[in-house]
Amino acid sequence: MLRKTLLVFFGFYMMTLQSSTRVEAIRWLAMANMNSVITVQQPSLCDELVGLVKRQKTICKRNIEVMESVKLGAKLAIDECQYQFRNRRWNCSTIDAVRLFGNVLKLGTREASFVHALSSAGVAIAVTRACSSGEIDKCGCDRTVRGRSPEGFEWSGCSDNIAYGTAFSKTFVDARERRRKNKKKYGRALMNLHNNEAGRRAVEDHMKVECKCHGVSGSCELKTCWRAMSSYREVGERIKEKFDGATEVKLQNTKSGQKLVLVNPRLKLHTDADLVYLVASPDFCEPDDKIGSFGTYGRVCNKTSKAIDGCDLMCCGRGYETRRKTVAERCMCKFHWCCYVICKTCEKTIEEHTCK
Ligand SMILES: *[C@@H]1O[C@H](CO)[C@@H](O)[C@H](O)[C@H]1NC(C)=O
Ligand SMILES: *[C@@H]1O[C@H](CO)[C@@H](O)[C@H](O)[C@H]1NC(C)=O
């Protein structure tokens, strides 16, 4: 059955948002935390989705059945950001359901580029999945993938309709930037558009072929295959790699208008699939509301690691405290015929280091 759903905020969130309109983030991401799902078709309710810009509300009205996937895409993006950044000083934790990351994304930093790429990828994936599972009227599987392949298998089954998902992501997620005519913010809009696109490329450029064998006891006389997206975790890993290799750019006037160019011309020119940023990140060592930093006091760190999760870097040279902690673990697991496993619970003492 087709779910025609529309989501609205609790009044509480609406009030919170109004009192914090200065916060510049990807505000539509707040959809991830919407509680109530209204299962009626009432496009006028799109206007109540605070966090959306005007053009996004219009898109919402025309595509109500897609909005549940947009919400899911936002949720995927926030969860993946927290997973990928779990060992970093800024770990993508949110202040509250509406303000989300607070001021962190206000500046055009690498962190901002990462979140933009993740969220446009999140929407592309969530919408595409909904298409494949038949939840959205307007789209289904990709019917252009058919016939016999040069490798000798038959295209069949449901190929993910990535074209629809990425097109919707582009329309909805990019809407916020396209609205900006403000010269002062033009560089930032270009940066966001670039990174949104890079996020979608991380999905599009890595489609897989999945196959099934048919024939007597799996003899594979006939092999049918379809095109499928990578998992969102794999996409997240890929975007994290792009974050690690992100390129610093600046806005420059050219004959054909303004564009983003390399700050260091000796570096390799970024491609559409790379992340770009305009401003170096703060160090996130100290709590600071203005930049949305929580600081790293009390954060768990790894004594032996030389990377950013190591106590030296994580604690910004302040040193760390060590605590002994008892944890319970499953142990001495035995396999019983057939088919279950029974384990005991063992206690183990570990050392935990936290930043001073
Ligand atoms: C993320 O950082 C915040 C603030 O420093 C901390 O409270 C939280 O526990 C951290 N989350 C994880 C998963 O480490
Ligand atoms: C700490 O870092 C070391 C070296 O990078 C790594 O081998 C180890 O698994 C890490 N420990 C934890 C608990 O993450």
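All values below come from the heavy atoms of this structure, side chains included, with hydrogens, waters and symmetry mates left out. Counting starts at 1 for both ligands and their atoms, in listed order. Counting from 1, the numbers follow the sequence of the chain as shown.
- With a 4.0 Å heavy-atom cut-off, ligand 1 is reached by no atom of Gln82.
- Contact annotation: Gly295 has at least one heavy atom less than 4.0 Å from an atom of ligand 1.
- From the protein, the heavy atom lying nearest to atom 3 (C) of ligand 1 is Asn91 ND2, 3.6 Å.
- Checked against the 2.5 Å cut-off, the SG-SG distance between Cys225 and Cys211 falls under it.
- How far CZ of Phe114 is from CD1 of Ile239: 7.0 Å, rounded to the nearest 0.5 Å.
- With hydrogens and angles ignored, the 3.5 Å screen pairs no side-chain donor or acceptor of Gln82 with any backbone N or O of Asp79.
- Of the protein's heavy atoms, at least one falls inside 4.0 Å of atom 11 (N) of ligand 2.
- Within the 4.0 Å cut-off (strictly below), a protein heavy atom is located near atom 14 (O) of ligand 1.
- For the pair Arg318 and Tyr297, the cation-pi test (distance below 6.0 Å, angle within 45°) is passed.
- Each of the atoms 1 (C), 2 (O), 3 (C) of ligand 2 lies under 4.0 Å from some heavy atom of Thr304.
- Test Cys311, Cys355, Cys315 against Cys301 for disulfide (SG to SG under 2.5 Å) and you get one pass: Cys311.
- Distance check, rounded to the nearest 0.5 Å: NZ of Lys356 to OH of Tyr320 gives 9.5 Å.
- Cation-pi geometry between Arg89 and Phe284 is not met at under 6.0 angstrom from the ring centre and within 45 degrees of the axis.
- Looking from atom 4 (C) of ligand 1 to the surrounding protein, the closest heavy atom is Phe294 CB, 3.7 Å.
- An N or O contact shorter than 3.5 Å is missing between Tyr297 and ligand 1 by distance.
- The nearest heavy-atom contact from the protein to atom 9 (O) of ligand 2 is Asn302 ND2, 4.8 Å.
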